[in-house]
Each structure stands twice: as C-alpha cells, then as structure tokens.
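Chain A is the first sequence line, chain B the second, and so forth, proteins listed ahead of strands; every chain is numbered from 1.
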Number of protein chains: 2
Amino acid sequence: MCQHCNYGNLLTTAGLEATAHRLHVLEAIGDSTFPLSAVAIHQSVAGRRAINRVTVYRILDTLVEHGVVDRISTGGRAFNYGLAPNAHHQPHPHFYCTRCGRMCCLAPESLNVDTHPLWKTFPGRIDRIEVRVDGVCKNCLPLETQSRN
Amino acid sequence: MCQHCNYGNLLTTAGLEATAHRLHVLEAIGDSTFPLSAVAIHQSVAGRRAINRVTVYRILDTLVEHGVVDRISTGGRAFNYGLAPNAHHQPHPHFYCTRCGRMCCLAPESLNVDTHPLWKTFPGRIDRIEVRVDGVCKNCLPLETQSRN
DNA sequence: GCTTCAAATGCAACTTTATTGCATGACCGA
DNA sequence: TCGGTCATGCAATAAAGTTGCATTTGAAGC
C-alpha cells in the first residue's frame with residue numbers, strides 16, 4: 001500500500017485523463033506490495049466495477065508508455081506490472097519464484113548495482129534497467145526439496 | 001564465436017545425449033555474439049538441416065533445464081537464448097533495444113552488481129540473476145530522434 | 001546383422017497472453 | 001444541443017510457446 005502516491009495526480013501529471021478505469025487499475029497496482037500480472041489486475045478491478053480485459057491491457061500499455069507503471073518480465077510468458085520509480089519509489093530488483101510464479105520486490109540495497117561504467121561507455125540511450133532474481137521462494141523450498149527426493 | 005567451448009562436451013557433461021540437432025542448436029547459440037530468439041535459432045539450424053520448430057523449442061527447454069543455455073527475457077513476448085555462464089563465460093548483463101528488438105551482451109564490468117547483501121538476507125534459494133538494460137541502440141538513435149520531430 | 005527399446009523428433013492441433021479492428025459510449029467544449 | 005475526440009467493449013486475430021500422439025533414430029544386447 002503506498003500512502004504517498006496520489007494516483008489521480010500521477011495520471012494528470014503524466015498528461016493522462018484520470019478516468020475511473022484508469023484510477024482503479026493504478027490503485028490495484030499501487031495498493032499491492034508486489035507486482036501483479038495483467039490477469040490479477042483485471043480480477044482486482046473487475047471486483048469493483050466491470051471492466052473488459054482488453055481495456056486493462058490498453059490501460060497498462062498507456063501507463064507504461066507514460067512512465068507511470070513498469071512492465072516487468074517474469075521467467076514466464078506473462079508480464080507483471082508495478083509502479084514505476086518515482087519520487088516515492090526507488091528502482092529496485094524483483095524476485096521471481098520459478099515454482100509458484102509469485103514475484104516480490106527486493107530492497108534496493110539488497111543488490112547494489114553500479115551503473116556508472118555503463119553510462120560512461122554505452123553509445124546508445126539507456127531507458128531503464130531491470131534486475132530480476134530467479135529462484136525458489138522460502139514457501140516453496142520445502143516442497144522443492146520434497147519433490148527431488 | 002566461442003572457440004573455447006566444445007559443444008559436444010557441454011552436452012555430455014550436462015548428462016545429455018549429443019544428437020545432431022542438439023549440436024546444431026548449441027552451435028547456433030554459441031557461434032553468435034548475441035542472444036538469439038527461438039525463431040532465429042530455428043532459421044539458423046534449418047539452413048543446415050531440416051528441423052521442426054517444435055524440436056527447437058524442446059531442445060531449448062532441455063538445454064535451459066540442464067544449465068547449458070540461458071533463457072533471457074526481452075522487453076517483448078519472445079525469449080532470447082544465450083550460452084549459460086560457464087568456465088569460459090561470466091554472467092553478464094544484456095542490452096535490449098526497444099526499437100529494433102535486437103539484444104546484445106554487455107561487458108560484465110559495465111554494470112557492477114554486488115549480490116552479497118542478497119545472499120546474506122534472502123530466505124529462499126537464488127538460482128540466477130538477470131540484468132537487462134532497455135533503451136535505444138546507437139543504430140536506432142538517429143531514427144528515434146527523427147520520428148519525434 | 002537383427003531385434004528391441006527408449007529417447008528424440010515430426011506434425012497437427014492447442015493454449016496462453018497479448019493485440020487489432022470496428023462499433024459504441026462518454027464526456028467536454030462550442 | 002450537437003459534434004468531436006478519446007475511452008471502452010466485443011469479437012476476432014496474432015504471436016509464441018506447448019501438448020498429444022505417431023514415427024524415426026540410434027544404441028545396446030544377443
């Protein structure tokens with residue numbers, strides 16, 4: 001739950017019309033402590049008010065394009081979505097459990113990434129850096145050990 | 001082109017039968033200086049000898065499972081594949097151009113990632129860390145600037 | 001050299017996730 | 001009140017990967 005972000009402001013600051021659907025999508029993402037899949041976002045928003053899943057995809061695309069939301073790769077085929085770094089949120093790595101498919105946020109300082117050499121040497125334009133840790137979460141570890149025996 | 005890797009050895013060391021198709025897939029990946037999509041791998045191998053695209057996917061799955069090849073997320077929906085870190089290859093970040101879709105390898109030292117804090121604190125199991133830089137490559141930058149004007 | 005068997009491969013079909021095309025609705029400004 | 005633009009709904013489509021089943025291939029044993 002982010003209590004610092006005013007989602008309406010985030011939208012208008014990004015030059016976007018703050019429609020009800022958009023607000024609900026942003027709230028679903030912002031109120032979650034971990035990135036969500038498009039399906040989970042759709043389920044969350046649809047629980048409050050009917051919305052077409054195509055609309056969810058369109059809204060997510062728009063929010064990503066305008067830098068309000070980050071589209072995060074998982075080890076699978078679906079993307080997850082989280083609030084993009086802003087004044088209240090630092091960029092941070094994510095952990096993706098290859099067993100249960102859940103993704104969580106890692107503290108920024110848990111993986112120190114020094115990007116200075118890259119900025120000095122890279123001839124193109126850098127837009128964002130995604131750091132993802134794949135493994136097995138602590139909930140799945142016991143099951144993982146079990147299934148190997 | 002990696003001249004240090006004996007692909008047949010890589011396969012047998014991983015406990016896999018070194019079939020002709022698997023060798024060709026591994027050669028396609030190992031001979032490339034950048035990660036390849038499944039389609040590109042299929043095209044490369046099919047240029048030498050007919051192979052079904054389902055077989056390419058199956059071989060890639062097997063190679064990933066056995067730690068011979070890395071499945072790398074792109075910003076898009078397709079995965080790219082590169083040799084997994086081994087005695088001759090350090091783990092390294094990748095750059096993905098959001099304009100042309102090409103991915104290239106970055107020098108390990110261009111992005112220093114300090115994972116010590118994570119290893120100390122993370123309660124689950126860490127299998128791999130993927131670092132991807134998204135942006136616009138130097139070839140696309142002029143076009144990108146043009147299309148904005 | 002033949003037989004057997006298990007794994008690899010081919011093929012058609014399917015699934016998952018996301019996207020597109022077109023129509024309609026909603027809202028705002030004149 | 002009307003017109004226009006953007007947002008949204010719906011059906012259909014596309015891209016990428018997976019599954020089920022049959023066949024092929026290659027190695028081992030006799």
Can you confirm whether the side chains of N86(B) and H88(B) place a donor and an acceptor under 3.5 Å from each other?
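No - no donor-acceptor pair under 3.5 Å links their side chains.
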Do R132(B) and S73(A) have a side chain donor and acceptor closer than 3.5 Å?
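A pair is found: one side chain offers a donor N or O, the other an acceptor, under 3.5 Å apart.
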When the distance from [atom1] of [X] to [atom2] of [N] is rounded to whole Å, what number comes out?
X: L11(A); N: dA7(D); atom1: CG; atom2: P; result: 11 Å
X: H24(A); N: dA7(D); atom1: NE2; atom2: C1'; result: 15 Å
X: H66(A); N: dC6(D); atom1: NE2; atom2: P; result: 12 Å
X: L63(A); N: dA18(C); atom1: CG; atom2: C1'; result: 16 Å

Taking for each residue the nucleotide of DNA chain D bearing the nearest heavy atom, is the 5' side occupied by R49(B) or by N80(B)?
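Comparing both residues, the 5'-ward one is N80(B).
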Protein-to-nucleotide contact annotation, 5' to 3' order, nucleotides 5-14 of chain C [B base; S sugar-phosphate only; - none; under 4.0 Å, heavy atom]
--SSSBBBB-
Is it the case that the base of dT16(C) and the side chain of R77(A) share a donor-acceptor contact (distance under 3.5 Å, atom types as modelled)?
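Result: at least one qualifying N/O pair found.
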Looking at side-chain heavy atoms only, is the closest gap between L23(A) and T19(A) below 4.5 Å?
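No, side chains not in contact.
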Taking the side chain as every heavy atom from C-beta outward, state whether L141(B) and P123(A) have any pair of such atoms under 4.5 Å apart.
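No, side chains not in contact.
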Rounded distance [0.5 Å steps], CD1 in I129(A) versus CZ in F95(B):
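Here the interatomic distance stands at 10.5 Å.
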Kindly compute the distance separating CZ (R22(A)) from CG (L11(A)), expressed to the nearest 0.5 Å.
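Output value for this atom pair is 7.0 Å.
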Contact under 4.0 Å: Y57(A) side-chain N or O vs dT19(C) OP1/OP2
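Checking Y57(A) against dT19(C): no side-chain N or O falls below 4.0 Å of OP1 or OP2.
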